[in-house]
Amino acid sequence: MTIDPKKCVACGNCVAVCPMGAIHIDPNTKRATVNQDECVECYTCFRGMSAEHLNPTMVRTIRKIGSWLRWRFDPEPDVCPTAAITEQELVWPRVVRRAFSDPVVPHESTGVHGRGTEEVKTNDVTNRVGPDEAGFTVEFGRPTIGVRFWQIQEMTTALARMGIEFEKRNPVTSLMADARTGEIRTDILNEKILSAIVEFKTALTNAPAILRRIREVAKTLDTVVAVGVAARCDEEGENRLEETLINEGFFFNRGKTNLGLGRASLEIVQARATVG
Ligand code: SF4
Ligand code: SF4
């Protein structure tokens, strides 16, 4: 994202809108500028603010007269009065920033909006996580901290050495140079994004060791790391994950139980078999 210095009147409205704190008013030029290294191309400023298309010279003159006369007024906070915020054509590798930061842009590798796949929420249909397995999501960067790919790589390479299997359809996996080692393409390592989710599965018995490793690596990263782990319930609605984690000294809090309503009922399966 850029700001057209010919149009900007330094009203400061866009400064508060940027979740990365990447916009500031330059006291020398008296124009807003975007720190290109910190901007994650989330488009919040460009799309989230109304553009009034007022004449910049007129607005600057009125603002100057207003400051002489010590006028005080409350401008609309979500308006760029002169439509100075300008999108730029994104090329590789910068285009990766937008794919992971702008929620209305579908990720090319998945074709879906967002940063991950459908995860284990649809496990009753996909069967991605089997009876003796644990499915993990490790999220980086939220809220409004952001993360660089080299930080994600610190985690993925550490986990890859522990007998895990990265989800193939996940956007981060698609950007790995080698999914066996967890190494990410070198040309995007310094790209900053709003957030990303790494997904993988492992043996249920491996879950406590994985959680400990995530905790160790997270302490070395200057961003937020949030972890989710899921396992299948048995017919009584219980699962071994709870017991395993409690035995290993983890606090267990069941966040969500999916009932399996996406799975065809026994009657439908039998009816299909009869028709077939
Ligand atoms: S909202 Fe528009 S005019 Fe105001 S500081 Fe930002 S870019 Fe400049
Ligand atoms: S695109 Fe997003 S990160 Fe970049 S300047 Fe605008 S609001 Fe900030």
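Order of listing sets the numbers, starting from 1, for every ligand and every atom in it.
- Contacts between Val9 and ligand 1, counted as non-hydrogen atom pairs separated by less than 4.0 Å, involve both the backbone and the side chain.
- Set against the non-hydrogen atoms of Val40, the atoms of ligand 2 under 4.0 Å away are 3 (S).
- By the 30° and 60° cut-offs, the orientation of the rings of Phe100 relative to Phe149 is perpendicular.
- Closest heavy-atom approach to atom 1 (S) of ligand 1 among the candidates Ala84, Cys11, Ala32: Cys11.
- Between the side chain of Glu167 and the main chain of Arg169, a donor-acceptor pair closer than 3.5 Å is present.
- The atoms of ligand 2 that sit less than 4.0 Å from any heavy atom of Cys39 are 1 (S), 3 (S), 4 (Fe), 5 (S).
- Side-chain N or O atoms of Gln153 include one that pairs as donor or acceptor with a backbone N or O of Ile184 at under 3.5 Å.
- Neither the backbone nor the side chain of Phe46 has any atom closer than 4.0 Å to an atom of ligand 2 (non-hydrogen atoms only).
- Shown here for Cys8 and Arg31, the closest heavy-atom pair between the two residues is O-CD, 3.3 Å.
- In terms of modelled atom types and a separation under 3.5 Å, the side chain of Gln151 and the main chain of Arg148 share a donor-acceptor contact.
- Remark: minimum distance from atom 7 (S) of ligand 1 to any protein heavy atom is reached at Ile3 CG2, 3.7 Å.
- Protein heavy atom closest to atom 2 (Fe) of ligand 2, with residue, atom name and distance, is Cys42 SG, 2.3 Å.
- Atom numbering of ligand 2 starts at 1 in the shown order; those under 4.0 Å from a heavy atom of Ile23 are 5 (S).
- Of the protein's non-hydrogen atoms, the one nearest atom 6 (Fe) of ligand 2 is Cys45 SG, 2.3 Å.
- A donor-acceptor pair is defined here as one N or O able to donate and one able to accept, closer than 3.5 Å; no such pair exists between the side chain of Arg240 and the backbone of Asp132.
- Among protein heavy atoms, atom 8 (Fe) of ligand 1 sits closest to Cys8 SG, 2.4 Å.
- The contact set between ligand 1 and Thr82, taken as ligand atoms under 4.0 Å from a residue heavy atom, comprises 3 (S).
- Atoms of ligand 1 found under 4.0 Å from any heavy atom of Gly12 (numbered from 1 in listed order, with element): 4 (Fe), 5 (S).
- For the residue pair Arg232/Asn127, the side-chain donor-acceptor check at 3.5 Å is satisfied.
- In summary, the atoms of ligand 1 found under 4.0 Å from a heavy atom of Cys80, numbered by their order in the structure, are 1 (S), 2 (Fe), 3 (S), 7 (S).
- Residue contact annotation: Pro19 has a non-hydrogen atom under 4.0 Å from ligand 2.
- Put simply, the side chain of Asn170 gets close to the backbone of Ile197: a donor and an acceptor are under 3.5 Å apart.
- Here Cys14 fails the criterion, with no N, O or S atom under 2.8 Å of atom 8 (Fe) of ligand 1.
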